[in-house]
Asks: 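My questions all concern the structure below.
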Amino acid sequence: MTDRTLNRRLVLLAPLGIAAAGGIGFWAMLDRMRDGTFDPRGVPSMLVGKQLPEFSLPGQPPSAGFSRADVLAAGRPVLINFFASWCVPCVVEAPLLMKLREQDTPIWGIAYKDKPDATAAFLKRNGDPYARVARDEPGRVAIDFGVYGVPESYLVDRTGIVRWRWAGPLSEDIVAQQLDPLLRKFA
Amino acid sequence: MSATLPPTPSHKGRGLFCSPSPCGRGPGGGVCAAALALFLALAPAAHAVSNPSEMLPDPKQEARAEAIGHQLRCLVCQNESVEDSEADLARDFRKIIRSRVLTGDSNEEIIAWMTARYGDFIRLRPPFNALTAALWGAPVIALLVGGVAVVLARRRRTPAPAPLSDEERRRLADLLGS
């Protein structure tokens with residue numbers, strides 16, 4: 001008889017336990033969505049942990065363009081930032097990139113699907129945080145990176161391995177929690 | 001390090017993420033994903049490869065390219081295939097697919113090329129692996145659970161009552177007051 005009541009109790013408690021576990025999981029997901037570390041619409045990068053793809057892009061005058069070899073020749077981690085003049089979040093991100101530059105973080109820009117004049121006007125209006133600016137007007141190199149929108153930032157270490165990717169505008173929280181530790185680690 | 005930065009509102013998530021031209025038919029130029037819902041409401045979606053200049057001259061090759069495009073996700077619109085989307089990136093993907101069809105790549109090779117850059121996320125039909133095992137296994141699990149439930153319910157069903165004995169029949173007749 002006690003066996004039966006135990007069974008009955010189990011039958012009643014099991015769904016409750018499953019519901020509680022589901023609730024906790026859901027809450028954790030919402031929490032990570034709120035602090036920006038989880039995005040259900042985000043496309044995870046295939047490049048992290050892999051070598052930078054081979055590329056060579058023309059420059060945005062007066063900057064000369066750059067290639068994969070140039071990134072490797074920098075001898076220190078480089079933050080590659082895809083941006084465009086038509087991109088509002090890029091405007092939002094611009095002041096933070098300027099601050100990063102002041103802190104001596106090398107940021108190399110790639111203007112994505114943008115006209116040279118528009119890019120020049122954008123850099124004049126929002127400041128130019130880039131050590132070098134290349135142009136990817138067809139957006140073909142961006143596809144090799146796995147870019148699906150702008151802005152996107154890739155941290156490349158001195159051996160050419162991509163260590164981190166952030167899709168969307170960088171924020172101070174993201175920089176402090178994710179980028180800064182990596183910059184120190186791979187400096 | 002962040003202590004040296006004065007506080008400004010942080011911008012989180014991808015609500016402001018940009019694509020040069022959004023899904024659905026609309027004017028080109030920079031429109032953010034935030035305006036997407038409005039655009040979709042205003043602009044009825046049309047089949048993307050309605051532009052004949054995009055199509056391959058050989059109908060067989062074009063059909064193959066379309067079949068591949070229908071299996072790939074437009075990463076801007078996310079619930080549209082590359083073949084159905086008007087987003088700039090989807091148009092680039094269509095061009096790449098067609099040029100690779102022309103050079104004689106197989107469907108598998110082209111899809112592998114895409115997943116090497118964008119991961120399994122780009123495939124509208126996810127492959128079976130450790131991450132998707134629960135997804136693909138769910139129907140089988142549901143069937144098993146249902147089967148067990150049916151078996152248990154049948155076992156629990158009380159057997160049909162035995163037919164009345166002669167004694168009971170007599171009592172019944174008495175009670176009914178014949």
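Order of the sequence lines fixes the chain letters, A, B, ..., with proteins taken first and strands second; residue numbering starts at 1 for each chain.
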Asks: Where does B/Ile122 contact chain A at under 4.5 Å (heavy atoms): side chain, backbone, both or neither?
Replies: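 Neither part; nothing is under 4.5 Å.
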Asks: From A/Ile143 CD1 over to B/Met114 CE, what is the distance, rounded to the nearest 0.5 angstrom?
Replies: 7.0 Å
Asks: Is there a path from B/Leu56 to B/Phe93 through hydrophobic residues (I, L, V, M, F, W, Y) whose side chains come within less than 4.5 Å of each other?
Replies: yes
Asks: Could you look at A/Pro138 and say if it's the side chain, the backbone, both or neither that has a heavy atom under 4.5 Å from chain B?
Replies: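 The backbone, not the side chain.
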Asks: Check whether A/Ile107 and A/Leu182 end up in the same hydrophobic cluster, where Ile, Leu, Val, Met, Phe, Trp and Tyr are linked by side-chain heavy atoms less than 4.5 Å apart.
Replies: yes
Asks: Can you tell whether the side chains of B/Arg117 and A/Asp144 come within less than 4.0 Å, N to carboxylate O?
Replies: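 A salt bridge is present here (some side-chain N lies under 4.0 Å from a carboxylate O).
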Asks: For atom CZ of B/Arg171, is the number of surrounding heavy atoms from other residues, nucleotides or ligands below 6.0 Å larger than 12?
Replies: no
Asks: Without swapping roles, check the side chain of A/Tyr148 against the backbone of B/Tyr118 for a donor-acceptor pair under 3.5 Å.
Replies: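 Pair absent, no side-chain N/O of A/Tyr148 close to backbone of B/Tyr118.
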Asks: Distance from A/Met46 atom CE to B/Thr115 atom OG1, nearest 0.5 Å?
Replies: 8.5 Å
Asks: Are B/Ile96 and B/Val82 joined in one hydrophobic group, where the rule is that I, L, V, M, F, W and Y side chains link up if heavy atoms are under 4.5 Å apart?
Replies: yes
Asks: Compare all side-chain heavy atoms of A/Lys113 with those of B/Asp92 and state whether any distance is below 4.5 angstrom.
Replies: yes
Asks: Cluster question for you: counting only ILVMFWY and a side-chain heavy-atom cut-off of under 4.5 Å, with indirect links fine, are A/Ile18 and A/Leu10 together?
Replies: no
Asks: Do the non-hydrogen side-chain atoms of A/Val43 and B/Gln78 ever get within less than 4.5 Å of each other?
Replies: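 The answer is yes, as the side chains (C-beta and beyond) meet within the 4.5 Å cut-off.
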Asks: Hydrophobic cluster membership, with links at side-chain heavy-atom distances under 4.5 Å among I/L/V/M/F/W/Y: are A/Phe122 and A/Met98 in one?
Replies: no
